[in-house]
There are 2 protein chains.
Amino acid sequence: MSDCGGGRYDSLLLSNQMCFPLYAASREILRRYKPILDELGLTYTQYITMLVLWERGTVSVREIGSTLYLDSGTLTPVLKKLEQKGLIVRRRDESDERLLDISPTDEGMALREKALEVPGKICGCVDLTKEEAETLCKILSKIFGER
Amino acid sequence: MSDCGGGRYDSLLLSNQMCFPLYAASREILRRYKPILDELGLTYTQYITMLVLWERGTVSVREIGSTLYLDSGTLTPVLKKLEQKGLIVRRRDESDERLLDISPTDEGMALREKALEVPGKICGCVDLTKEEAETLCKILSKIFGER
DNA sequence: CAAAATTAAATTGCACACAATTGAATTTTA
DNA sequence: TAAAATTCAATTGTGTGCAATTTAATTTTG
């Protein structure tokens, strides 16, 4: 049952998997973001959605999806929730009724001010140097290569 | 609305967030694992659970949880599913009835042979050098530092 | 131009994650 | 040792992700 040394099953050791450290680290980061995002009243997914809207103003669901790599099955309920909170408005595009345009409300844009505190607080609870963070991002971006 | 150059809101650009590349890459890796794990009839979470059982034999739910950073709310339904598939057995520990011991069945252990193909197939669809993969794991492990 | 193909969002169903609570078993402590 | 505190798994409820399907709108094509 054990695999000390160079066992036949070494490739299946949890520590040798590509998926596990990445997935676990990703959830750990999300756990650290949570209390900070709680202060904004946003979940993680709601937060990255607002980041897109703060950057670009009015965008279609499709554009949000291709930016965040999320499909309408995920985004539709998230956007309905943000609408409930009064942070965004959902309106059909006039020139193409298939598209649903999402715009931040004044209240949604106001939240951006409060959100300015977030990045600083994150750095305080993730112990990576700026160089490590850059290396990490560089390697991670390579994963998206051959899509 | 736009933030060209050194805007006041640069820290909120999606590209400057710690969480996003990590989370997106993690989901991308899971997407690449999926067709490979489909051949085993396992989901990702079921797969990493089986990895623990293949390595250690009989373990408690608690031990699986602390290894994978998952709680009973997540594990209970996963383990019931694996039991349904005939891959594991769930039995209360005799010396401490609070603990639920999980053991792979013969069928569960047999699946390990088929699983040996997985790591090779993963390398074929994630375009990182061995060195990059090691650097990645090293940086990711730092994230778990001050828990 | 009309039928066929494509596109976008919504819906449905399944599988996690995780916080919070519950209930049973065990350990600690007064 | 009996009450209090702790531990463990299960349960409940919310919020994603994502595949597959549906419906409506638009574009392509014969």
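Note that the coordinates shown come from a computational prediction; the quantities given were computed from them, not determined experimentally. Heavy atoms only: backbone and side chains are in, while hydrogens, waters and symmetry mates are out. All chains are named by letter (A, B, ...) in the order of the sequence lines, taking the proteins before the strands, and each is independently numbered beginning at 1.
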Looking at [N], I'd like to know if its phosphate oxygens (OP1 or OP2) sit under 4.0 Å from a side-chain N or O belonging to [X].
| X | N | result |
| --- | --- | --- |
| A/K80 | C/dA9 | no |
| A/R31 | C/dC18 | yes |
| B/R90 | D/dA10 | yes |
| B/R27 | D/dC18 | yes |
| A/K81 | D/dG15 | yes |

B/T43 (side chain) and C/dA15 (base): donor-acceptor pair under 3.5 Å: no
Salt bridge or not for [X] and [Y], using N-O below 4.0 Å?
| X | Y | value |
| --- | --- | --- |
| B/R32 | B/E28 | yes |
| A/K85 | A/E107 | no |
| B/E113 | A/R8 | yes |

What integer distance in Å separates [X]:[atom1] from [N]:[atom2]?
| X | N | atom1 | atom2 | result |
| --- | --- | --- | --- | --- |
| A/I48 | D/dG15 | CD1 | P | 16 Å |
| A/L75 | C/dT7 | CG | P | 19 Å |
| A/R98 | D/dT23 | CZ | P | 18 Å |
| A/I102 | C/dA8 | CD1 | P | 14 Å |
| B/L100 | C/dA25 | CG | C1' | 14 Å |
| A/R92 | C/dA8 | CZ | P | 12 Å |
| A/Q46 | D/dG15 | CD | P | 8 Å |
| B/L99 | C/dA24 | CG | P | 17 Å |

Residue whose closest nucleotide on DNA chain D lies nearer the 5' end, A/L70 versus B/S72: B/S72
Closest to side chain of [X], choosing from [options]:
| X | options | answer |
| --- | --- | --- |
| B/V78 | D/dC18, C/dA9, C/dC16 | C/dC16 |
| B/D71 | D/dA19, C/dC18, C/dA8 | C/dC18 |
| B/T76 | D/dT11, C/dT26, C/dC16 | D/dT11 |

Parallel, tilted or perpendicular: rings of A/Y33 and A/Y44 (30°, 60°):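 Perpendicular.
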Mutual orientation of the aromatic rings belonging to B/F20 and A/Y69 [parallel < 30°, tilted 30-60°, perpendicular > 60°]: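 Taking A/Y69 first and then B/F20, their aromatic rings lie parallel (interplane angle under 30°).
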Sugar-phosphate only, base, or nothing, as touched by B/T45 at under 4.0 Å among non-hydrogen atoms: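 Here B/T45 touches the backbone only, sparing every base.
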Residue whose closest nucleotide on DNA chain C lies nearer the 5' end, A/L79 versus A/L30: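 The residue mapped nearer the 5' terminus is A/L79.
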